[in-house]
Amino acid sequence: MRAAIVGAGWAGLSAAVELAQAGFRVTVFEAARQLGGRARSVEVQGHRLDNGQHLLVGAYRETLRLMKQVGADPDRLLKRLPLELSFPGGPLPFRLRLPRLPSPWHLAAGLLTARGASLAEKISAARCMRSLQRDGYRLGEDCTVTALLDRHGQRGSLRRHLWEALCLAALNTAPERASAQIFANMLRDSLGGGSGATDLLLPAADLDQLLPAAAARFIETHGGDLRLSCRVEAVDAGPMIDGERFDCAVVAVGPQHAAALLARHTETAAVAKMLAGYAFEPIGTVYCAYPPQVALPFPMLGLDDRPSGQVGQWVFDRGALCGTPGVMAFVLSGHGAWEQLDNAALAAALQRELAATLHARLPPVLWQQVIRERRATYSCRPNLHRPAARTALAGCWLAGDYVCADYPATLEAAVRSGVAAAQDILLSAALPAARRASADGANSAPRSLRHG
């Protein structure tokens, strides 16, 4: 059977790998000149960097499984560290580190030994988590993360540096706009998950090496075809991709692009209208290269948000992660004051904030690069409707982080959606085959059995 995959981001590649593994002849269409979609590598100042600094966690089971499946060794490509949230700046530095203990003892121990938070805050945070666990992480009605934290009496340093920081990092949406139910789902599988679920998995290589390059080799080894710089203009029933017939198709592009492809069909007009109504959130990544001796005390640090006019959120030490000493990657998630600054002003502000956080005088920057993804993710609002993987258009499925209804817009959500679409296709293909086999068996039976 022939399968078409429209889009070579992490969702599309995941679907392609699963189908290729099952024996499908896979053709992947990608409008860009490279794989990876919104999580890809770029050339900057002679260095292979990423269009955005991404962070994985131990709960990303499908991503880790797929990496192993295509021959990308997670133990070599990811630096695994216990979860540590460190904000060393400000008058009262904050640090929370979760030891490798079974759940829920890892969180209890982490809260107990956290610095920069009062005992009352720690007890309140533990009660909040326990209340969510008792309710199975299901809210009676979705609301904003801000409303959820208010309801559970979360205040002070733990609210700012744990709950709100995790919300912005995972959902890429400010707590006052973000879905509390999706946030609770994320807590269920990370802080409430098994051993290692909260571990930070920091990329020790560029994003291409984590999955896209190995997935491409896997697809081609299994007889698949990758068509880069090939923009699909029409997806029709059958399915037909720009007039070429396939047995099934997975549309694995962003929601705004999927809406444009689906809007022309009566069967998918409602889904297209829903996707066209999505709001989006930006992500900014600012690379600043210092002399090689400049390093962070931990590969990931939080920039304290209390000073007036603060724009930074997180900074990653690419030297400790990817072997590019002195290169710092600042990450700015969601809408914020940083969007109003031009590139030079933004980089200068972040350099000042890093110096204040480290309580050190930094040497001049050797080079800098600002990358702005204005539609990096959909805005993860309360009660946001998500499409099903299987569409009403014959032979056509959807994949993308916006299809995985339990998760926010993460790499894991993209991978899970691609795998789910492929598994549904395999199930759909298996049912008619089983019926044909049953019919063939009946037809080949002795005449007395066929006709009673």
Side-chain angles (χ1 to χ4, degrees), residues 41-56 74-97 115-116 161 165 169 199-210 283-307 309-333 338 341-372:
S41 299
V42 294
E43 288 287 341
V44 175
Q45 301 288 335
H47 296 280
R48 191 74 172 167
L49 301 174
D50 301 319
N51 72 316
Q53 179 66 51
H54 285 74
L55 171 68
L56 292 77
D75 293 334
R76 180 177 62 85
L77 297 172
L78 296 169
K79 189 179 184 69
R80 181 181 282 266
L81 299 169
L83 175 64
E84 180 171 324
L85 303 177
S86 179
F87 292 79
L92 188 62
F94 176 88
R95 180 173 180 263
L96 181 145
R97 185 178 186 273
R115 301 175 186 172
H161 293 131
D199 283 354
L200 297 175
L201 305 181
L202 300 171
D206 61 74
L207 287 174
D208 282 355
Q209 300 307 310
L210 294 192
I283 292 179
T285 303
V286 180
Y287 291 104
C288 292
Y290 295 94
Q293 66 269 23
V294 176
L296 301 181
F298 186 74
M300 181 184 83
L301 288 183
L303 299 173
D304 194 79
D305 61 356
R306 279 174 285 187
Q310 180 88 12
V311 297
Q313 295 164 8
W314 300 96
V315 59
F316 294 80
D317 186 343
R318 300 278 296 189
L321 297 173
C322 308
T324 51
V327 177
M328 304 296 156
F330 297 87
V331 176
L332 307 131
S333 299
W338 65 273
L341 301 177
D342 63 30
N343 289 351
L346 178 58
L350 292 170
Q351 291 160 33
R352 290 193 298 270
E353 291 170 11
L354 178 59
T357 295
L358 298 177
H359 305 287
R361 184 183 181 90
L362 296 174
V365 170
L366 303 178
W367 56 263
Q368 61 195 38
Q369 181 73 38
V370 178
I371 300 175
R372 301 176 189 252

Side-chain touch [X]/[Y], heavy atoms, less than 4.5 angstrom:
X      : Y      : value
Gln351 : Val286 : no
Leu362 : Met328 : no
Leu81  : Met300 : no
Pro203 : Gln53  : yes

Where is the tightest heavy-atom contact between [X] and [Y], given as atom of each residue plus distance?
X      : Y      : result
Pro291 : Pro364 : CD-O, 3.9 Å
Asp342 : Ala345 : OD1-N, 2.8 Å
Cys322 : Ala205 : SG-N, 4.0 Å
Pro299 : Leu321 : CB-CD2, 3.9 Å
Trp314 : Ala169 : NE1-CB, 4.3 Å
Pro325 : Pro292 : CB-O, 3.7 Å

Any donor and acceptor pair, going by atom type alone, linking the side chain of [X] with main-chain N or O of [Y] inside 3.5 Å?
X      : Y      : value
Tyr287 : Trp367 : no
Asp199 : Arg80  : no
Glu353 : Gly312 : yes
Gln313 : Ser333 : yes
Ser41  : Arg48  : no

Can you measure from [atom1] ([X]) to [atom2] ([Y]) and round to the nearest 0.5 angstrom?
X      : Y      : atom1 : atom2 : value
Gln368 : Asn343 : CD    : CG    : 8.5 Å
Leu301 : Asp317 : CG    : CG    : 8.5 Å
His161 : Phe87  : NE2   : CZ    : 5.0 Å
Ile283 : Ile371 : CD1   : CD1   : 11.5 Å
Phe298 : Leu200 : CZ    : CG    : 5.5 Å
Glu84  : Arg95  : CD    : CZ    : 4.0 Å

| Applying the side chain to side chain contact (heavy atoms under 4.5 Å, CB included) test to Phe330, which of Thr285, Leu303, Val311, Val370 qualifies? | Leu303
| Stepwise side-chain contact (heavy atoms from CB on, under 4.5 Å) test for Leu202 and Leu55 | CA-CA 6 Å; Leu202 300 171; Leu55 171 68; 3.1 Å; yes
| task | Step by step, work out the side-chain contact (heavy atoms from CB on, under 4.5 Å) result for Leu207 and Asn51. | result | CA-CA 9 Å; Leu207 287 174; Asn51 72 316; 4.1 Å; yes
| field | Derivation and outcome, side-chain contact (heavy atoms from CB on, under 4.5 Å), residues Val315 and Leu350 | value | CA-CA 9 Å; Val315 59; Leu350 292 170; over 6 Å; no
| query | How far apart are the C-alpha atoms of Leu332 and Leu346, what are their side-chain angles, what is the distance that settles it, and do they pass the side-chain contact (heavy atoms from CB on, under 4.5 Å) test? | reply | CA-CA 11 Å; Leu332 307 131; Leu346 178 58; 4.2 Å; yes
